[in-house]
Amino acid sequence: MFFSGNTDKASHKSHLCDASLSFSVQLQLQPSSPCSPSWLLADVGDTFQQYKATASIKDNNKKCNLKAKISHYMDRAENIKKYLDQEKEDGKYHKQIKIEENATGFSYESLLKEYLNETVTEVWIEDPYIRQTHQLYNFLRFCEMLIKSCKVKTIHLLTSVDAGNRTEQLIALEEIKRSLGSHGVLLEVEYSSSIHDREIRLNNGWQIKIGRGLDYFKRPQGSFSLGYCDFDLRPCRETTVDIFHNKHTKKL
């Protein structure tokens, strides 16, 4: 079988177009940032799978229609991302997550991982209830999550004093401070008798307000029950999480 030069060029151009489209879509489907419209990228992915399924079908019209659909989705995704980026820039971004009673899958990592990256070097935590033993362990787990998820160098904690068991609280926080220091992280602790609100601030501009602070997990059923170690399997108390972005975040 013989082909003309024009046919070869057209075929080569089509292959290049297909390869370019494939590469572009694969880039768009990489793990997204907090402002990436993941629901839209999922539609792009479904349409792209349909497009790949037509590879063995010589139906140029169908391919063209699917290409146009993918291009349309990607343009919409890009426009939404630009809009959300501008919302972040203007300090208007707001996302709310409602955690239902007994819900699971809301460990600190699962809840906050998309907001933590190499740009996070300083974290402010305001929580009046880092006092009792299980609350101190919650704070320790949160610090462990920061160590694993970003390049944190300084953690600021503002909490209240446990009048009934102040010694245990001070000893525990001092031990956490030494442990963090061995990983090159400075922990600064301050106490206030008047704080009430709970808030977490990251130096990349993200602000997280959890209604119950870090203490939104229920007690495990036993020391050897699922959820004792893995907080994604631990049932939660009902609470609401509000996430904002403010380019001009101030220190607590």
Side-chain angles (χ1 to χ4, degrees), residues 31-36 38-39 42 93-117 120 123-150 152 155-166 168-169 171-173 175-177 179-180 183 185 187 189 192 195-202 206-245 252:
S32 57
S33 69
C35 286
S36 296
S38 55
W39 57 271
Y93 180 91
H94 179 208
K95 176 180 180 180
Q96 187 173 85
I97 301 169
K98 291 186 179 296
I99 300 178
E100 302 294 337
E101 186 77 8
N102 293 317
T104 57
F106 291 98
S107 67
Y108 301 135
E109 291 89 344
S110 297
L111 192 63
L112 304 177
K113 63 184 178 182
E114 60 183 319
Y115 307 101
L116 297 168
N117 53 41
V120 177
V123 179
W124 294 265
I125 303 161
E126 181 175 329
D127 191 327
Y129 297 106
I130 308 297
R131 306 188 306 191
Q132 298 179 17
T133 301
H134 74 281
Q135 295 166 344
L136 291 161
Y137 274 118
N138 286 343
F139 178 66
L140 175 60
R141 287 178 180 271
F142 186 81
C143 291
E144 290 174 337
M145 183 268 297
L146 292 177
I147 294 291
K148 293 189 299 181
S149 303
C150 56
V152 64
I155 299 173
H156 305 269
L157 172 65
L158 179 63
T159 189
S160 61
V161 173
D162 185 356
N165 197 7
R166 184 177 183 181
E168 180 183 351
Q169 180 189 27
I171 291 175
L173 288 174
E175 186 174 343
I176 293 173
K177 181 175 183 177
S179 182
L180 285 169
H183 286 79
V185 179
L187 172 62
V189 182
S192 170
I195 65 168
H196 179 269
D197 293 342
R198 289 86 160 169
E199 186 171 70
I200 299 167
R201 292 176 183 259
L202 313 177
W206 290 107
Q207 305 173 35
I208 301 98
K209 296 186 177 184
I210 306 174
R212 292 181 178 270
L214 297 181
D215 191 13
Y216 59 88
F217 297 102
K218 289 191 170 183
R219 289 179 178 271
Q221 294 180 346
S223 298
F224 296 95
S225 60
L226 293 178
Y228 187 87
C229 298
D230 188 343
F231 274 25
D232 270 322
L233 300 176
R234 180 82 68 90
C236 298
R237 295 186 176 92
E238 183 177 350
T239 193
T240 300
V241 182
D242 289 288
I243 300 169
F244 307 87
H245 189 278
L252 295 173

> If I take atom OH from residue Y115 and atom NE2 from residue H245, how far apart are they, to the nearest 0.5 angstrom?
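Rounded to the nearest 0.5 Å, the OH-NE2 separation comes to 10.5 Å.
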> Measure the shortest side-chain to side-chain distance between K218 and E101 over non-hydrogen atoms and say whether it is less than 4.5 angstrom.
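A side-chain contact under 4.5 Å exists here.
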> Can you name the residues that form a side chain to side chain contact (heavy atoms under 4.5 Å, CB included) with E144, not counting sequence neighbours?
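Expected list: L140, R141.
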> Report the distance from atom CG of L187 to atom CD1 of I176, rounding to the nearest 0.5 Å.
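L187 atom CG to I176 atom CD1 measures 7.5 Å (nearest 0.5 Å).
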> Which of these, Q135, Q132, R131, sits in a side chain to side chain donor-acceptor pair (under 3.5 Å) with D215?
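Only one of Q135, Q132, R131 forms a side chain to side chain donor-acceptor pair (under 3.5 Å) with D215, namely Q135.
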> Once ring-ring contact (aromatic ring centres under 6.0 Å, His included) is applied, do any residues pair with F142, and if so which ones, sequence neighbours excluded?
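Y108.
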> For T239, which residues count as a side chain to side chain contact (heavy atoms under 4.5 Å, CB included) partner, sequence neighbours excluded?
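T239 satisfies side chain to side chain contact (heavy atoms under 4.5 Å, CB included) with I99, I210, R212, Y216 once adjacent residues are dropped.
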> To the nearest 0.5 Å, what is the distance between SG on C236 and CG on N102?
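That separation rounds to 9.0 Å.
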> Could you give all pairs that pass the salt bridge (Lys or Arg N to Asp or Glu O under 4.0 Å) test and reach residues 219-235, with sequence neighbours left out?
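Sorted result for residues 219-235: empty, none.
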> Can you measure from CG (L136) to CD1 (I130) and round to the nearest 0.5 angstrom?
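Nearest 0.5 Å value for the CG-CD1 distance: 7.0 Å.
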> The criterion is salt bridge (charged side-chain N to carboxylate O under 4.0 Å, His left out); which residues satisfy it with K148, sequence neighbours excluded?
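For K148, the residues satisfying salt bridge (charged side-chain N to carboxylate O under 4.0 Å, His left out) (neighbours in sequence not counted) are E109.
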> Run the salt bridge (Lys or Arg N to Asp or Glu O under 4.0 Å) check on R201 and E126 step by step: do they pass?
CA-CA 9 Å; R201 292 176 183 259; E126 181 175 329; over 6 Å; no
> Rounded at 0.5 Å granularity, tell me how far OG1 in T240 sits from NZ in K209.
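Taking OG1 in T240 and NZ in K209, the distance rounds to 13.0 Å.
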> What I'd like to find out is whether the side chain of V120 reaches to under 4.5 Å of the side chain of W206, using heavy atoms alone.
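They are not in side-chain contact.
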> Going by side chain to side chain donor-acceptor pair (under 3.5 Å), name the residues that satisfy it together with D197, two or more places apart in sequence or in a different chain.
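With sequence neighbours excluded, D197 shows a side chain to side chain donor-acceptor pair (under 3.5 Å) to no residue whatsoever.
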> Could you tell me whether the side chain of L180 reaches within less than 4.5 Å of the side chain of I147, counting heavy atoms only?
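Yes, their side chains come closer than 4.5 Å.
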> Say you draw a straight line from CD1 of I208 to CZ of F244; how long is it, rounded to the nearest 0.5 Å?
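That separation rounds to 10.5 Å.
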